[in-house]
Amino acid sequence: MNKLLIVEDDRDLLEGLAFSMESEGYQVICASTMEEGLKKFRESCPDFIILDCNLPDGTGYGFCREVRKTSQVPVLMLTARDTEMDEIQALETGADDYMSKPFSLAVLKTRIKKQLKRKDAEFIRFSNGFYIDRSTCRVLRGDREISLSTVEYRLLTYLIDNKGRVVSKEQILAHVWDSEGRFVDENAVSVNIRRLRQKIEDDPDEPVFIRNIRGMGYIWKEI
């Protein structure tokens, strides 16, 4: 069963979409604000996002930028305005599709099915025997799934995206934590690196994948 996250501040539209999508066999998760939507996105790793452009505490564009930091889950953006610039902005911030209100429910369902079919055909990221499906936030080593917290997942994907390159604690803090507007100190990096090693390294005390370059930072070593 595919999970759909619907982020829409119009309560009637939100309830109508949820009912219609549940009748199609989807598991539906609802949110009416940007903050609530991002929280549920990180908790549930949905397979598809229906996203309103205008939210009480932000915009769909900002929401989409946050999603794209960790996931390539398909996003379809809804807007009350039908202008070329709105569509361009939606696509440039990472949306996969765009529809203006009012819209055809039948067309929306067809577009969702098309995007999900394309997503299912995408290959997941591979490095050192680890497979990372960014659309579902799943991490596997061989055929064994590794359970990671949101912070551990973001940390792992950031290191792999920068494989072979030393990233400082300051860079890790800026990417993994500061984008959420929370203040943490450098000790949080060391603590979470240690936890991540315990889950992915054969011997956490003698790490092979995540190396510490003293005085500089950390590096994901491709072997």
Side-chain angles (χ1 to χ4, degrees), residues 1-122 133-137 150 153-154 157 161 174-176 178-182:
M1 181 185 293
N2 285 309
K3 288 188 290 186
L4 265 60
L5 171 62
I6 305 175
V7 186
E8 168 63 61
D9 67 337
D10 184 324
R11 180 59 61 180
D12 291 337
L13 178 57
L14 179 62
E15 291 177 355
L17 283 172
F19 176 81
S20 180
M21 295 306 162
E22 285 172 349
S23 68
E24 292 288 317
Y26 296 110
Q27 178 184 345
V28 178
I29 303 159
C30 296
S32 56
T33 66
M34 181 170 174
E35 181 181 5
E36 181 187 15
L38 287 172
K39 181 176 183 292
K40 291 187 176 181
F41 160 72
R42 294 176 181 125
E43 290 174 348
S44 63
C45 287
D47 299 295
F48 195 95
I49 298 175
I50 300 173
L51 175 63
D52 187 22
C53 274
N54 298 308
L55 298 168
D57 55 346
T59 67
Y61 310 124
F63 187 105
C64 202
R65 290 190 189 97
E66 286 299 311
V67 167
R68 286 293 174 254
K69 291 178 180 179
T70 60
S71 174
Q72 292 302 312
V73 58
V75 175
L76 186 148
M77 200 172 290
L78 301 175
T79 179
R81 297 187 302 176
D82 183 16
T83 70
E84 185 178 72
M85 287 306 301
D86 288 330
E87 183 173 1
I88 290 172
Q89 188 172 358
L91 297 175
E92 285 184 343
T93 54
D96 298 274
D97 206 349
Y98 174 97
M99 293 183 71
S100 57
K101 303 174 183 176
F103 54 85
S104 163
L105 195 55
V107 172
L108 174 63
K109 291 177 181 179
T110 299
R111 291 191 179 187
I112 292 173
K113 290 177 181 177
K114 181 179 179 181
Q115 289 290 341
L116 287 173
K117 185 176 180 180
R118 188 184 74 176
K119 179 187 77 68
D120 290 341
E122 291 179 353
D133 187 342
R134 294 180 185 270
S135 64
T136 60
C137 304
T150 300
Y153 174 83
R154 295 183 68 174
T157 55
D161 285 344
H175 179 85
V176 177
D178 287 3
S179 62
E180 297 179 2
R182 295 183 296 176

**Prompt:** Tell me, do D57 and E36 make a side-chain contact under 4.5 Å, heavy atoms counted?
**Reply:** no
**Message:** When you compare the side chain of L116 with that of K113, does any pair of heavy atoms fall below 4.5 Å?
**Reply:** no
**Request:** Mark yes or no for whether D47, through its side chain, and K3, through its backbone, hold a donor-acceptor pair below 3.5 Å.
**Result:** yes
**Message:** On a heavy-atom basis, which atom in A90 and which in M77 lie closest, and how many Å separate them?
**Reply:** CB-SD, 3.7 Å
**Message:** Could you walk me through whether V7 and F41 satisfy the side-chain contact (heavy atoms from CB on, under 4.5 Å) test, starting with their C-alpha distance in whole Å, then the side-chain angles of each, then the deciding distance to 0.1 Å, before giving a yes or no?
**Reply:** CA-CA 10 Å; V7 186; F41 160 72; over 6 Å; no
**Request:** Give the C-alpha distance, both sets of side-chain angles, the deciding distance and a yes or no for side-chain contact (heavy atoms from CB on, under 4.5 Å) between N54 and E8.
**Result:** CA-CA 8 Å; N54 298 308; E8 168 63 61; over 6 Å; no
**Request:** Using a cut-off of 6.0 Å, state whether more than 12 heavy atoms not belonging to E22 lie near its atom CD.
**Result:** yes
**Request:** Find the distance between CD1 (I50) and CD1 (I29) and round it off to the nearest 0.5 Å.
**Result:** 12.0 Å
**Request:** Using side-chain hydrogen bond (donor to acceptor under 3.5 Å, both in side chains) as the criterion, list what pairs up with E24, not counting sequence neighbours.
**Result:** K109
**Request:** Give the minimum heavy-atom separation between P56 and S32, together with the two atoms involved.
**Result:** CD-O, 3.5 Å
**Message:** Just so I know, are the side chains of D9 and L14 near enough to count as touching, which here means a heavy-atom distance under 4.5 Å?
**Reply:** no
**Item:** Where A95 and C64 come nearest, the two heavy atoms and their spacing
**Value:** N-SG, 3.5 Å
**Message:** Using side-chain heavy atoms (C-beta onward) and a distance below 4.5 Å, is V75 in contact with D96?
**Reply:** yes
**Request:** Could you tell me which non-hydrogen atom of L55 sits nearest to which non-hydrogen atom of G60, and how far apart they are?
**Result:** CD1-N, 4.4 Å
**Message:** Does this structure show an ion pair linking E66 with K69, if we count only N-O contacts that are shorter than 4.0 Å?
**Reply:** yes
**Asked** From N2 CG over to F48 CZ, what is the distance, rounded to the nearest 0.5 angstrom?
**Response** 10.0 Å
**Prompt:** Which is it for I112 and M21 under the side-chain contact (heavy atoms from CB on, under 4.5 Å) test, yes or no, and what are the steps along the way?
**Reply:** CA-CA 10 Å; I112 292 173; M21 295 306 162; 3.7 Å; yes
**Request:** Taking only Lys NZ, Arg NE, NH1 and NH2, and the carboxylate oxygens of Asp or Glu, determine whether D52 and R11 approach each other closer than 4.0 Å.
**Result:** no
**Point-to-point distance, once rounded to the nearest 0.5 Å, from CG of L78 to CG of D10** = 10.5 Å
**Prompt:** Does any non-hydrogen side-chain atom of E92 lie less than 4.5 Å from one of Y61?
**Reply:** no
**Asked** Between L76 and Q115, is any pair of side-chain heavy atoms under 4.5 Å apart?
**Response** no
**Asked** Run the side-chain contact (heavy atoms from CB on, under 4.5 Å) check on L51 and V67 step by step: do they pass?
**Response** CA-CA 11 Å; L51 175 63; V67 167; over 6 Å; no
**Request:** To the nearest 0.5 angstrom, please state how far the CD atom of E15 sits from the SG atom of C30.
**Result:** 8.5 Å
**Sub-4.5 Å side-chain heavy-atom contact between K101 and L13** = yes
**Prompt:** Can you find a pair of side-chain heavy atoms, one from F63 and one from I49, that are under 4.5 Å apart?
**Reply:** yes
**Item:** Over all atoms of both residues, closest heavy-atom pair of K40 and A31
**Value:** CD-CB, 4.3 Å
